[in-house]
Number of protein chains: 2
Amino acid sequence: MVTDQTPVRRGPRGPYAKSRRTRQSILDSALTVFGESGFRSGSLRGVAEQVGMSEAGLLHHFSSKSALLAAVLERRDEQTRAQFGWDDGGGRGALRATVDLVEHTASTPGVVELFCTLSAEATTPSHPAHAWFTERYATTTAFFRAAFEELSARGELREGVEPAAASRAVVALMDGLQIQWLLDRDSVDMAADLRAHLSGLVVGGL
Amino acid sequence: MVTDQTPVRRGPRGPYAKSRRTRQSILDSALTVFGESGFRSGSLRGVAEQVGMSEAGLLHHFSSKSALLAAVLERRDEQTRAQFGWDDGGGRGALRATVDLVEHTASTPGVVELFCTLSAEATTPSHPAHAWFTERYATTTAFFRAAFEELSARGELREGVEPAAASRAVVALMDGLQIQWLLDRDSVDMAADLRAHLSGLVVGGL
DNA sequence: GTCTATAATGCGATAGAC
DNA sequence: GTCTATCGCATTATAGAC
């Protein structure tokens, strides 16, 4: 994947403070634009317009469209990682934290739209974010597999539930629910449906 | 959604036989091109190139890019409907037929890619296929809800499984598995994972 | 750090000849 | 029914002024 140089000094009062603030607002706009139109159809022009600067000005901060996408994805993952305590509470805790995350997710439709559109269009190997998504899915399913294996070892997994298959299913369920939710936000409750699914897998429910 | 006039006489030996054959090959190519790049990024130029004619020639048969997409979607649904006996065997039969369909689906990655990319990008209301997908999801979840309700009435649904939520989950699972399968076809078996999920919902398994 | 200007390409769609 | 030619517009990216 294409990368972009970032200033070494990152503090809000460092020598690149202004530049950093500009980068942030570019990333915000990129999230919106790519979220609405996907990466391929979303245009740098649209991002520049929304952030209130020229395309050339934008390209001073991110050397190419792909570099901008990479930065958006990386920032989003950092934020998510920082926000949730994945490591607390063992397998059951991990599943509960996931439900919380999905619940929180419903407050940022733009982000959901971005990841939804992007993960679909990035299935093609030639897509600039293909490698990123491949690795992300591997990491995520491995995380859930570990959680289910932990539950299984304690005898808290329902009979017949296979950790690897169940982990793929959980990830798939979240992805698929996002589509239905985006199509009709009023009649789909992603967190509730996920919780119901998980409760069916764990002895005694979630 | 934008529509396109089709000749009234549709038989292979009718007066429009040649035109009909041309239309078919255009639809085939469109399926491939839109499948690889999505609708927004796939180009009429690419479709025309693959079918071996000019853009203008293509636009003689389908008056716009959206009209072409509409025709592709409609034809695909016709084919699917014709191929599977959804109405046989009650609720359990419907679920089994779905597993068969998914198994069959794995032999046409291009089609999977098209629907995957398209259903994601069509979540935006301004997309030409938005209405089509909205209705399609409503129909599909209603179908599964009916199947689960039938099973529930016979006491064959596992305790705690709610038909409406379960139907959303089944559709979501299929969509999500498609993404993972497209990313890594060797390590994901969509039909097997779906069967495992469904077996967990029905008393005595599928 | 941001701008204008521009290059080079690709797009969907139309007009009109054959 | 298919073509060539073309319009008008959007796109990513670069060069160079300020």
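So you know, we letter chains A, B, ... as the sequences are listed, proteins then strands, and number each from 1.
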Check your understanding: Phosphate oxygens OP1/OP2 of dA10(D): is one of them under 4.0 Å from a side-chain N or O of S43(A)?
Key -> no

**Study point:** Pairwise side-chain contact, Y137(B) with S119(B), heavy-atom cut-off 4.5 Å (strictly under)
**Key:** yes

Review point. Within the structure, does a side-chain N or O atom of T22(B) lie under 4.0 Å from either OP1 or OP2 of dT2(D)?
Key: yes

Revision key, fill the gap. Taken to the nearest whole Å, CG/L44(B) to P/dG12(C) is 4 Å

Review point. Reckon G46(B) touches a base, only the sugar-phosphate, or nothing at all at heavy-atom distances under 4.0 Å?
Key: nothing

Revision key, fill the gap. Whole-Å distance, H60(A) NE2 to dA15(D) C1', equals 15 Å

Point to revise | Basic-acidic side-chain contact under 4.0 Å: D28(A), R75(A) | key: yes

Review point. Just how far, in rounded Å, is P of dT14(D) from CG of L59(A)?
Key: 8 Å

Practice item. Would you check if there is a donor-acceptor pair between the side chains of R76(B) and Q79(B) at a distance under 3.5 Å? Key: yes

Practice item. Please state whether the phosphate of dT2(C), meaning OP1 or OP2, lies under 4.0 angstrom from any side-chain nitrogen or oxygen of H61(A). Key: yes

Review point. Whole-Å distance between dA13(D) P and F62(A) CZ?
Key: 14 Å

Review point. Between dG12(C) atom C1' and L69(B) atom CG, what is the distance in whole Å?
Key: 15 Å

Check your understanding: Nearest-Å distance, CZ (R45(A)) to C1' (dT6(C))?
Key -> 12 Å

Review point. Hey, do the aromatic rings of H127(A) and F39(A) have their centres closer than 6.0 Å?
Key: yes

Revision key, fill the gap. R21(B) atom CZ is separated from dT2(D) atom C1', nearest whole Å, by 16 Å

Review point. Given atom NZ of K65(B) and atom P of dT14(C), what is their separation to the nearest angstrom?
Key: 15 Å

Check your understanding: In terms of ring plane angle, is the pair W132(A) and F115(A) parallel, tilted or perpendicular, where the classes change at 30° and 60°?
Key -> tilted

Check your understanding: Using rotation axes that map the C1' atoms of four end pairs onto the next four (five pairs an end), what angle separates the end axes of the helix from dG1(C)-dC18(D) to dC18(C)-dG1(D), to 10°?
Key -> 0°

**Study point:** pair V170(B)-T141(B): side-chain heavy atoms closer than 4.5 Å
**Key:** no

Study note, to complete from the structure: Across all chains, not counting sequence neighbours, the salt bridge (Lys or Arg N to Asp or Glu O under 4.0 Å) partners of R40(B) are none

Check your understanding: Cut-off 3.5 Å, side chains only: do E113(A) and T124(B) have a donor facing an acceptor?
Key -> yes

I'd like a list of close polar pairs between nucleotides 3-5 of chain C and the protein, N/O only, cut-off under 3.5 Å.
from, atom 1, to, atom 2, distance (Å)
dC3(C), OP2, S54(A), N, 2.8
dC3(C), OP2, S54(A), OG, 3.1

Exercise for review: Could you tell me whether the side chain of V202(B) reaches within less than 4.5 Å of the side chain of L198(B), counting heavy atoms only?
Suggested key: no

